Amino acid sequence: MKNVVLFISLLFVMACSSNDELKPMVIDTYYTIMLKDVSGNNLLDPSFKGSFAHKEIILYGADEKGVKTSVVLEKGTNVIKSVSINGKDEYYIGVNVGSYVAPNKSIVYLLLPNGDLDRLEMKYKQRGDSKMKYEIYYNDKMIWSEGGVDSSFVIIK
């Protein structure tokens with residue numbers, strides 16, 4: 001019994017004397033895109049007759065130069081998310097993946113069933129293990145920057 005108490009005491013002293021500090025980690029790289037037509041219809045809503053088929057929507061990776069590759073990052077129902085707002089389901093694309101093509105930059109290509117291929121680029125800051133987005137681009141046009149209230153976007157197709 002004396003050895004058990006000594007062993008537990010030794011573990012306690014070692015744990016309390018550790019030089020490792022707990023460092024918080026924040027990963028804030030997620031953003032969402034809703035696709036609508038000029039009349040405001042959600043092109044991801046399966047109840048809308050002109051909507052895109054979820055299974056045909058694909059997110060592709062990019063190479064180190066930012067050029068689209070054949071690497072599928074996510075597709076179909078893994079890409080499409082929904083939320084109920086006032087009893088109505090709203091559908092959107094959740095982007096939390098990409099190819100890290102340069103220090104602090106991630107690119108993903110969105111292929112839609114109508115053949116449109118859109119480039120989504122996110123720039124982020126990295127401090128320790130934390131990553132936080134600070135700019136998002138859609139087809140090379142900045143659509144969000146740090147300090148913006150929301151990182152959810154509506155794209156008109």
Side-chain angles (χ1 to χ4, degrees), residues 18-157:
S18 173
N19 289 331
D20 294 336
E21 294 180 29
L22 294 177
K23 297 178 184 176
M25 179 174 61
V26 176
I27 305 293
D28 179 22
T29 58
Y30 186 77
Y31 57 99
T32 64
I33 297 172
M34 188 177 288
L35 302 175
K36 293 193 174 192
D37 66 12
V38 292
S39 300
N41 297 303
N42 187 327
L43 295 173
L44 300 171
D45 184 347
S47 68
F48 174 60
K49 186 177 179 182
S51 70
F52 294 129
H54 291 185
K55 65 182 179 182
E56 297 177 29
I57 296 173
I58 303 171
L59 293 178
Y60 284 99
D63 67 14
E64 63 278 351
K65 295 179 183 174
V67 177
K68 178 191 162 287
T69 66
S70 60
V71 176
V72 174
L73 299 174
E74 285 191 287
K75 66 180 181 177
T77 56
N78 292 332
V79 175
I80 309 300
K81 312 292 182 199
S82 68
V83 65
S84 182
I85 300 174
N86 297 326
K88 182 179 181 334
D89 287 338
E90 293 291 344
Y91 294 83
Y92 60 93
I93 296 171
V95 181
N96 197 30
V97 296
S99 298
Y100 298 101
V101 297
N104 304 329
K105 183 177 8 177
S106 172
I107 295 175
V108 65
Y109 285 88
L110 169 65
L111 179 63
L112 298 172
N114 67 354
D116 285 358
L117 181 67
D118 296 314
R119 183 176 193 262
L120 303 166
E121 178 181 326
M122 176 193 59
K123 294 182 179 179
Y124 61 91
K125 297 175 184 175
Q126 186 156 357
R127 292 190 181 111
D129 292 330
S130 296
K131 290 180 184 178
M132 298 187 66
K133 63 184 173 289
Y134 71 90
E135 290 178 348
I136 299 174
Y137 295 81
Y138 172 78
N139 292 334
D140 298 322
K141 180 182 176 192
M142 186 190 307
I143 57 174
W144 182 85
S145 64
E146 189 173 38
V149 177
D150 194 4
S151 55
S152 298
F153 315 100
V154 175
I155 304 294
I156 306 298
K157 289 282 183 183

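Remember, predicted model here, so these are calculated numbers, not experimental data.
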Heavy-atom pair with the smallest gap, counting every atom of [X] and [Y]:
{"X": "Pro113", "Y": "Ile57", "value": "CD-CG1, 3.8 Å"}
{"X": "Ser152", "Y": "Thr32", "value": "OG-OG1, 2.7 Å"}
{"X": "Ser151", "Y": "Ile136", "value": "CB-CD1, 4.4 Å"}
{"X": "His54", "Y": "Leu44", "value": "NE2-O, 2.5 Å"}

Pair Tyr137, Arg119 - check side-chain contact (heavy atoms from CB on, under 4.5 Å), show working. CA-CA 8 Å; Tyr137 295 81; Arg119 183 176 193 262; over 6 Å; no
NZ or CZ of [X] within 45° of [Y] ring axis and under 6.0 Å:
{"X": "Lys81", "Y": "Tyr92", "result": "no"}
{"X": "Lys68", "Y": "Tyr60", "result": "yes"}
{"X": "Lys131", "Y": "Tyr100", "result": "yes"}

Would Lys125 and Glu146 pass as an ion pair if we require N to O under 4.0 Å?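 Result for this pair is yes, salt bridge flagged.
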Pair Asp116 + Lys157, salt bridge at N-O below 4.0 Å: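 Result for this pair is yes, salt bridge flagged.
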Ile156 CD1 to Met34 CE distance, which is reported to the nearest 0.5 Å: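 Reported to 0.5 Å precision, the distance equals 10.5 Å.
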Under 3.5 Å, is there a donor-acceptor pair between the side chain of [X] and the main chain of [Y]?
{"X": "Asn42", "Y": "Lys36", "value": "no"}
{"X": "Ser99", "Y": "Ala62", "value": "yes"}
{"X": "Ser84", "Y": "Asp89", "value": "no"}

For [X] and [Y], does a side-chain donor sit closer than 3.5 Å to a side-chain acceptor?
{"X": "Asp118", "Y": "Tyr138", "value": "yes"}
{"X": "Ser39", "Y": "Asn41", "value": "no"}
{"X": "Asn96", "Y": "Thr29", "value": "yes"}

Side chain to side chain, [X] and [Y], heavy atoms closer than 4.5 Å:
{"X": "Phe52", "Y": "Leu35", "value": "yes"}
{"X": "Leu110", "Y": "Leu117", "value": "no"}
{"X": "Asp37", "Y": "Phe48", "value": "yes"}
{"X": "Lys88", "Y": "Asp45", "value": "yes"}
{"X": "Ser51", "Y": "Tyr91", "value": "no"}
{"X": "Tyr31", "Y": "Met122", "value": "yes"}
{"X": "Leu120", "Y": "Ile107", "value": "no"}

Tell me which one of Ile33, Ile58, Leu59 satisfies side chain to side chain contact (heavy atoms under 4.5 Å, CB included) with Val79.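 One option only clears the test, and that one is Leu59.
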Would you please test Glu135 and Lys133 for salt bridge (charged side-chain N to carboxylate O under 4.0 Å, His left out) and show each step? CA-CA 6 Å; Glu135 290 178 348; Lys133 63 184 173 289; over 6 Å; no
Residue Asn114 excluded, over 12 heavy atoms near CG under 6.0 Å: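 Yes, because the 6.0 Å sphere around CG of Asn114 holds more than 12 heavy atoms from other groups.
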